[in-house]
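Report on one structure; see the data block that follows.
Letters A, B, ... are given to chains in the order of the sequence lines, protein chains preceding strands, and every chain is numbered from 1.
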Amino acid sequence: MQTDKKTPPSLETLTGLCKRRGFIFQSSEIYNGLNGFWDFGPLGTELKNNLRDAWWQDMVRNPPLGPDGEMLDIVGLDSAIIQNPLVWKASGHLGGFNDPMADCRESKARYRADHLMVYLPTSGEGTAYAFLEGEPAVAEKRIRKAKSDTANFSVVPFTDLPLDQIATVWGPDATKAGTLTEPRQFNLMFKTFIGAMSGEGEDNTAYLRPETAQGIFINYKNVVDTMRVKLPFGIAQVGKSFRNEVTPRNFIFRSREFEQMEMEWFCHPDEASKWYSFWVEARLQWWASLGVDMRNLRRRDHDEDELAHYSTACADVEYQYGFTAPGFGELEGIAHRGNFDLTQHQEASGVKLEYFNQETNERVLPHVIEPASGLTRGVLVLLNEAYTEEFVPKGDTGGDTLLAEPGSEAPEGYEKRIVLKFSPRLAPIKVAVFPLLKNREELVKKAKDIFAELRKTWPAFYDQAGAIGRRYRRQDEIGTPFCVTIDFDSLEDDTVTVRDRDSMRQYRIPVSELKSWLFEHINE
RNA sequence: GCGAGCGUAGCUCAGCUGGUAGAGCACCACCUUGCCAAGGUGGCUGUCGAGAGUUCGAAUCUCUUCGCUCGCUCCA
């Protein structure tokens, strides 16, 4: 069904709704909060769990068919958050996740220190001129202006300079020398210490994992040895990861504690690029299958210079978030890791990680394709995607509903309705039950009986407060797809009305068929 | 970490040049309500982010501090 593309809500609108309705709260709020951390409220928890379960179902238990229509084999894993620190040394995170930064006190610019180069006077005296790697023009111009020649200088990395020489450096965006700070380490991994009596020290330092993937690589051999898996196969894991982001920003988009859904697909080196293409496409389609508008999704292939230290190719699934529009922001990355990780761990641990194919008598170190998505970001996408403002005609229920721009005022004769249009599979509450009137005992009793029955199967909600329309609207705002109302006819003929969230239509359903009706519509 | 902005009820805010806190919405109870929110009556809510100073007196002025938001960097 092609409908008008919705304008995504602003971050304020979304965070407001999330707080007001119990989806997501600022962490440690009563202590003034803590930057980069978020707590999931009752509804946010349900939503996040539903997304996680959908991923697990569609990735581990019932993965998509392969490129030739074959069934794929993917098994699950739940590894520890804290691992032997040698894991992070081998994976490159201890070195590679360590970005030295230098700030310019004058221009307020910040540079990756390892991206800065310097024209250093060979005489050892006088001003040195810094420039961004590959952009020496600025520095060279300044050298000419100082009536000197680049021949009198040698080019060295900024990070190789002794500390006392940094004061002689003229920064790329400064008007004079001496404005750059010395490079400071931004270690993105959270440190902790093992042992109850331990203080800080090198020997008992451990790290909270910055990604779930390494837990998979270090268990690859265990899985091969115990699960009778044959190449190609996958290992999947969902869990928390931690990164000391320099700047957590944009609600839960970039937080310091977040959740990932990662799958490592191990395959023969010769088939790696085939599988890479397959997974990029499969992952894009998966997000679409959750009801995400394809017009808000796109594939973006990484340029070579932005590839992470471990990958030889990478494509992102990007989403048009409210705060990035009209641009896009990352949701999932599908990386071709080659055999980097297994090679590293094989060397560092001394344990052979080759796969032996009994049929062909061949030993290979598998290559890895990694679809890694952010569960936390996925929740943000679902909220963005679901958030809808509509103008509905006042009074009767017949007139046409109009799609509204978030934050706009309803025209004469209309009123605004805020509704989260989650697919029923993902909605935190599946069904709400109301007695038409709360001061009629028979209605209340029957409604509670039906509620008691439904909650055995689905997350359900009972409400008898206020006017019936108000209760419908409250459920709209948290995305409950169906509301069941018990009225006076229900007492006569044992039927109820089921009200559909999106169309606001009502269906008369016999109570005996209610569960099967809901089952069919929730799992469609 | 650097720069800018902000911090008064659950939410959105008012409170001008200092005199000891207010409005709408929300929420709760009861009434009303025979299907799409805001009809009636009543009710709850505040260490005015925190600390210190000036003053007879500070939400309001000064300093310090904490936190949040935005930009620089990074990434699921």
> Does the side chain of A:Thr212 pick up a donor-acceptor pair with the side chain of A:Glu262 at under 3.5 Å?
Replying inline: yes
[X] [atom1] to [N] [atom2], straight-line distance once rounded to whole Å:
| X | N | atom1 | atom2 | result |
| --- | --- | --- | --- | --- |
| A:Glu211 | B:C74 | CD | C1' | 15 Å |
| A:Asp316 | B:C74 | CG | P | 15 Å |
| A:Glu332 | B:C75 | CD | P | 17 Å |
| A:Lys438 | B:G34 | NZ | C1' | 16 Å |
| A:Ile418 | B:A26 | CD1 | P | 12 Å |
| A:Leu437 | B:C30 | CG | C1' | 15 Å |
| A:Glu477 | B:A26 | CD | C1' | 11 Å |
| A:Gln237 | B:A76 | CD | C1' | 14 Å |

With sugar-phosphate meaning primed atoms plus P, OP1 and OP2, does [X] contact a base, only sugar-phosphate, or nothing at under 4.0 Å between heavy atoms?
| X | result |
| --- | --- |
| A:Phe434 | nothing |
| A:Leu375 | nothing |
| A:Thr497 | base |
| A:Glu262 | nothing |
| A:Ser373 | sugar-phosphate |
| A:Lys416 | base |
| A:Glu330 | base |

Just name whichever nucleotide pairs with [N], Watson-Crick or G-U, keeping both distances under 3.5 Å, else none.
| N | answer |
| --- | --- |
| B:A4 | B:U69 |
| B:A52 | B:U62 |
| B:U17 | none |
| B:C11 | B:G24 |
| B:A38 | none |
| B:U33 | none |
| B:G57 | none |
| B:C44 | none |

Please report the distance separating the [atom1] of [N] from the corresponding atom of [M], rounded so that it comes out in whole Å.
| N | M | atom1 | result |
| --- | --- | --- | --- |
| B:A21 | B:C13 | C1' | 14 Å |
| B:U69 | B:C27 | P | 27 Å |
| B:C25 | B:C44 | C1' | 15 Å |
| B:G19 | B:G57 | P | 15 Å |
| B:G7 | B:C11 | P | 14 Å |
| B:G24 | B:G42 | P | 14 Å |
| B:U17 | B:C61 | C1' | 11 Å |
| B:C56 | B:G18 | P | 15 Å |

>> Can you tell me if A:Asn439 touches the phosphate of B:U32, counting only side-chain N or O atoms and a distance under 4.0 Å to OP1 or OP2?
In response: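 Result: yes.
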> Closer than 4.0 Å, any side-chain N/O of A:Arg470 to the OP1 or OP2 of B:A26?
Replying inline: yes
> Pick the nucleotide of RNA chain B nearest each of A:Ile486 and A:Ser255; which residue has the one closer to the 5' end?
Replying inline: A:Ile486
>> On RNA chain B, does the nearest nucleotide to A:Asn250 precede the nearest nucleotide to A:Phe258 from the 5' side, or the other way round? Give the residue.
In response: A:Asn250
>> Apply salt bridge (Lys or Arg N to Asp or Glu O under 4.0 Å) to residues A:Arg471 and A:Asp476 and explain how you reach the verdict.
In response: CA-CA 9 Å; A:Arg471 285 178 262 165; A:Asp476 288 341; over 6 Å; no
>> Taking the cut-offs as 6.0 angstrom to the six-membered ring centre and 45 degrees off its axis, would you call A:Arg256 and A:Phe190 a cation-pi pair?
In response: no
Looking only at side-chain atoms of [X], point me to the closest of [options].
| X | options | result |
| --- | --- | --- |
| A:Arg243 | B:C35, B:C75, B:U33 | B:C75 |
| A:Asp487 | B:C70, B:A76, B:C35 | B:C35 |
| A:Lys19 | B:G10, B:C35, B:C36 | B:G10 |
| A:Arg254 | B:C70, B:C35, B:A76 | B:A76 |
| A:Ala372 | B:C35, B:U33, B:A76 | B:A76 |
| A:Arg499 | B:C36, B:A38, B:A76 | B:C36 |
| A:Leu11 | B:A38, B:C70, B:A76 | B:C70 |

Lys/Arg-Asp/Glu bridge criterion (N-O < 4.0 Å) met for [X], [Y]:
| X | Y | answer |
| --- | --- | --- |
| A:Lys416 | A:Glu389 | yes |
| A:Asp316 | A:Arg298 | no |
| A:Asp487 | A:Arg508 | yes |
| A:Arg209 | A:Glu257 | no |

> Just one of A:Phe461, A:Tyr462, A:Phe434 clears the ring pair (Phe, Tyr, Trp, His ring centres under 6.0 Å) bar with A:Phe451, so which one?
Replying inline: A:Tyr462
>> What verdict does the side chain to side chain contact (heavy atoms under 4.5 Å, CB included) test give for A:Phe258 and A:Lys240, after you've listed the backbone C-alpha separation in whole Å, the side-chain angles of each residue and the deciding distance to 0.1 Å?
In response: CA-CA 5 Å; A:Phe258 59 103; A:Lys240 294 245 171 159; over 6 Å; no
> On a plain distance test, is the side chain of A:Arg377 in donor-acceptor contact with the base of B:C75 below 3.5 Å?
Replying inline: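 Flag set: donor-acceptor pair detected.
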